[in-house]
Each structure stands twice: as C-alpha cells, then as structure tokens.
Amino acid sequence: MKNKAVKETVKAAALRIAAKCPECSSTNLVHDYDSGETVCGGCGLVVERDQPSSEPEWRAYTLEEKLSRDRAGLPITFTVHDKGLSTEVGRKYEDRDSRNRKFPISTKEQVHRIRDAQNRFRVHSALERNITQALSELARLLDKLSIESEVVKEETARKYRKAVYDGFTRGRGIRGVIPAILYDTLRQYDIPRNLEEIAEVGNYNRKTIARNYRLWVRKYMDSARPPFDSELYLGKIFNKLMLNGVTQKYSLKILEAARKEMLTSGRSSEGVAAAVVYVASVLSGERKTQYELAEVMKVTEVTIRNRYKEIVENLLFTTEL
DNA sequence: ATGGTTTTTACTGCGTC
DNA sequence: GACGCGGTAAAAACCAT
C-alpha cells in the first residue's frame, strides 16, 4: 500500500520533469507561482494552469476524458491556439501607468474601453474556438454513425452554438454535450439511433449524455419529443440484417397486431421491434438469433424474450399473416 | 425522495449440432 | 463443448408524483 503510493509519487515527479512542451518540444518548462501557470520557456505557451481558469473548458483535461479520447482514436490536437497569450489589461493599471503615476481622467476612460473591448473579444473568441472544436467532434460522430445528412449537421451545430452562448455547455464538456444535442436532432428527424448506440460508437459515457439530454429538453423544449416509433426501428433492422421481403411483411403485420392488443405501450420501442422481427424471422424461416436482434437494437436478450413471449401468447393465433 | 414499472445483470439448466 | 434458448432473482434504470 504505502510502497505503491510512493511509487506513484515518484512516477508522477518523473513525468513532470520529463514533460515537454506540446508546441515546440522544449523541456524548459517554467512554473510561475504568481499566475499559477506553467509556461514553456521555448515558445511561451501556457502548458498548465494550477487552477481551472474561468474560461470555458473546451479541451479534455481530466484523465477520464483523455483516456476515452485515446480509445476512440481521435487525433489529439495538442495545439492550444493562443491560449494564455492574449494580452489582458488588468484592473490594477486602471488609473496608474507603469511607473505608478496617475492617469488623467480621459486616459482612464480610454483604458477602460480598451479593457472591456479586449475582454469581450477574448471571451468571444474563446467561445468560437469551443464551437470549432465541437463541430469537428460532431463531424467525427456523424461519420461513425454513418449519417450523411447536412441538415442534421447544420441543425445540431445551430443548437450547439446557441447552447454555448446561453452558458448551457459550461462545465459539461464537448464530449458531454455534442452527443446529447445530436441525439435530440436525430429524434427530431426520425433517424433512429438510441443513446446506447451513440455512446458506443463515440466512446461516450452513456449516463452523462443521457443526463445532458434531459437537461437540454428541460431547458429548450416545452414538451418531450415522442420516442422513436418501433416501425422506424423495423426498417433499421431490415437494413442491418438484410432481411427478405417475407420477413419484413410478417414483421409489419405482427407489430400492427401487437399494437392493437396493447402489447407495446409502456415498453421500449427497441425491445418491441427486436421481438417482433425475431418472431417474424422464425415464422418466415429466415431465422435470426435473439443475440443478433439484441445487438442491433442495443437491448438484452432477456427483454426480447419477455416481449416475444407476450406476442406469442397473445396474438399468434389470432393473426393472419 | 418515493414507489411502481421496465430493463439489465448474472447465473443456471436443457437440447442440439 | 459451444451455441441458442428459456427461466429467474436481484440490481439498476426509468418515470411520474
């Protein structure tokens, strides 16, 4: 125990010493205790801040974020454009010049204006950089989901931009917000991809994006979006498993009948769709395993069994196929 | 927070290829 | 022996209140 802790400390120290500037690879890193920043002696890049700055976080600094990025194979951009280099007109210079002489009033006002303008610019450009970063994450995600639609992309970008300027994204991180907002857009346009799938392909934390999606809905919508219709999922399954026309026809009929018998309400449309196709595939002879259906719909085999049991018990005999 | 419902997790047993 | 399937109990997630 104790040994391990010591080892960790040594390791951390070694890492620190060996640290290189991501920009110019200089090992000459200087820690400034006044500003709490570690600055590269080679190029002046601020490598690290002791305390989280008040600027919105647009890069992953936590270990978890970094790890999940690595796993996703995302090309990591270490280049922190301009970070920490922009000039700031501090308050302490408000009415004094560098030799501590008092400014005339007019100069004071001028300094005021300059500082305000500069702060505005700085905040603005920080937000814009965040958005740029977010858009590349969005592009990556859309690519992984095989979604080509420009409309979806634009709509999601629009929402994200709004969210940024509303402060909605603060503290949630791009990887927490982008998938959540994209999911909302997909619901909007009836493109069936559930949170599980999005989380999986993008290596996101499902719970996090689920929470952020809820918050998004609460803040920006006055009523909940209807869930994906089971029928949309049927189409998706047909495509993914390349099912023949007979199975497809059976599936549609079974779903319709199940709806009439009220076997679908209160149940997840994913589970319903998976079970319906499972039964249809058995009936048509183009048998698919429960596992395959579960995999496509991101539900468990248990759920499929529960749904399909109900279907068989309640309506198989009453339905003409 | 709470309680009711659905889904997941984890495990077991059975028949078939 | 691996695979597909069925069942179950308990945990977890979900949802409305």
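So that the names make sense, note that chain A is the first sequence line, chain B the second, and so on, each numbered from 1.
Residues passing the side-chain contact (heavy atoms from CB on, under 4.5 Å) test with Glu286(A), sequence neighbours excluded: Leu243(A), Asn244(A), Thr247(A), Ser284(A). A search for salt bridge (charged side-chain N to carboxylate O under 4.0 Å, His left out) contacts involving Lys260(A) returns Glu256(A), not counting sequence neighbours. In this structure, the side-chain contact (heavy atoms from CB on, under 4.5 Å) partners of Asp229(A), at least two apart in sequence or on a different chain, are Glu231(A), Leu232(A), Arg259(A). In this structure, Glu301(A) has no side-chain hydrogen bond (donor to acceptor under 3.5 Å, both in side chains) partners at least two apart in sequence or on a different chain. Not counting sequence neighbours, the partners of Glu295(A) by the salt bridge (charged side-chain N to carboxylate O under 4.0 Å, His left out) test are Lys298(A). Contacts of Glu292(A) classified as side-chain contact (heavy atoms from CB on, under 4.5 Å), with partners at least two apart in sequence or in another chain: Lys288(A), Thr289(A). Listed by chain and residue number, Val302(A) satisfy the side-chain contact (heavy atoms from CB on, under 4.5 Å) test with Asn306(A) (two or more places apart in sequence, or in another chain).
Judged purely by distance below 3.5 Å, without hydrogens or angles, the side chains of Arg187(A) and Tyr183(A) pair a donor atom with an acceptor atom.
Gly271(A) comes within 4.0 angstrom of nothing in the nucleic acid, heavy atoms only. At a threshold of 4.0 angstrom between heavy atoms, the contacts of Arg287(A) are confined to the sugar-phosphate backbone, with no base atom among them.
To the nearest angstrom, P of dG4(C) lies 13 Å from CD of Glu295(A). Atom CE of Met297(A) is separated from atom P of dT6(B) by 19 Å (rounded to the nearest Å). The CD atom of Glu310(A) sits 14 Å away from the P atom of dT5(B) (whole-angstrom rounding). The distance from atom CG of Leu293(A) to atom P of dG4(C) is 13 Å, rounded to the nearest whole Å. With rounding to whole Å, Ile311(A) atom CD1 is found 13 Å from dG6(C) atom P. Separating the OH atom of Tyr291(A) from the P atom of dA2(C) is a distance of 16 Å, rounded to the nearest angstrom.
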Report all interatomic pairs (protein N or O, nucleotide N or O of nucleotides 12-17 of chain B) with separations under 3.5 Å.
none

Atom pairs under 3.5 Å, N or O on each side, protein against nucleotides 10-13 of chain C: can you list them with distances?
| residue | atom | partner | partner atom | Å |
| --- | --- | --- | --- | --- |
| dA13(C) | OP1 | Lys207(A) | NZ | 3.0 |

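Residue pairs meeting the ring pair (Phe, Tyr, Trp, His ring centres under 6.0 Å) criterion with at least one member in residues 287-315 of chain A, sequence neighbours excluded: Tyr278(A)-Tyr308(A).
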Give the table of side-chain donor-acceptor pairs shorter than 3.5 Å for residues 210-222 of chain A, with sequence neighbours excluded, one pair per line with atom names and distance.
| residue | atom | partner | partner atom | Å |
| --- | --- | --- | --- | --- |
| Asn212(A) | ND2 | Gly176(A) | O | 2.9 |
| Trp216(A) | NE1 | Asp184(A) | OD2 | 3.1 |
| Tyr220(A) | OH | Asp166(A) | OD2 | 2.7 |

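Distances shown here put a side-chain N or O of Tyr278(A) below 4.0 Å from the OP1 or OP2 atom of dC5(C). Remark: Gln290(A) is not in phosphate contact with dC3(C), judged by side-chain N or O atoms under 4.0 Å from OP1 or OP2. Not one side-chain nitrogen or oxygen of Ser268(A) sits closer than 4.0 Å to the OP1 or OP2 atom of dT6(B). Considering only side-chain N and O atoms, Arg267(A) lies nowhere under 4.0 angstrom from the phosphate OP1 or OP2 of dC14(C).
Between Arg206(A) and Glu197(A), none of the side-chain N atoms (NZ, or NE/NH1/NH2) sits under 4.0 Å from a carboxylate O, so this pair counts as no salt bridge.
Partner Val272(A) forms a side chain to side chain contact (heavy atoms under 4.5 Å, CB included) with one of Thr264(A), Leu263(A), Ile311(A) and no other, that one being Thr264(A).
The stretch residues 301-309 of chain A comes close to DNA chain B through Val302(A), Thr303(A), Arg307(A), each having a heavy atom under 4.0 Å from the strand.
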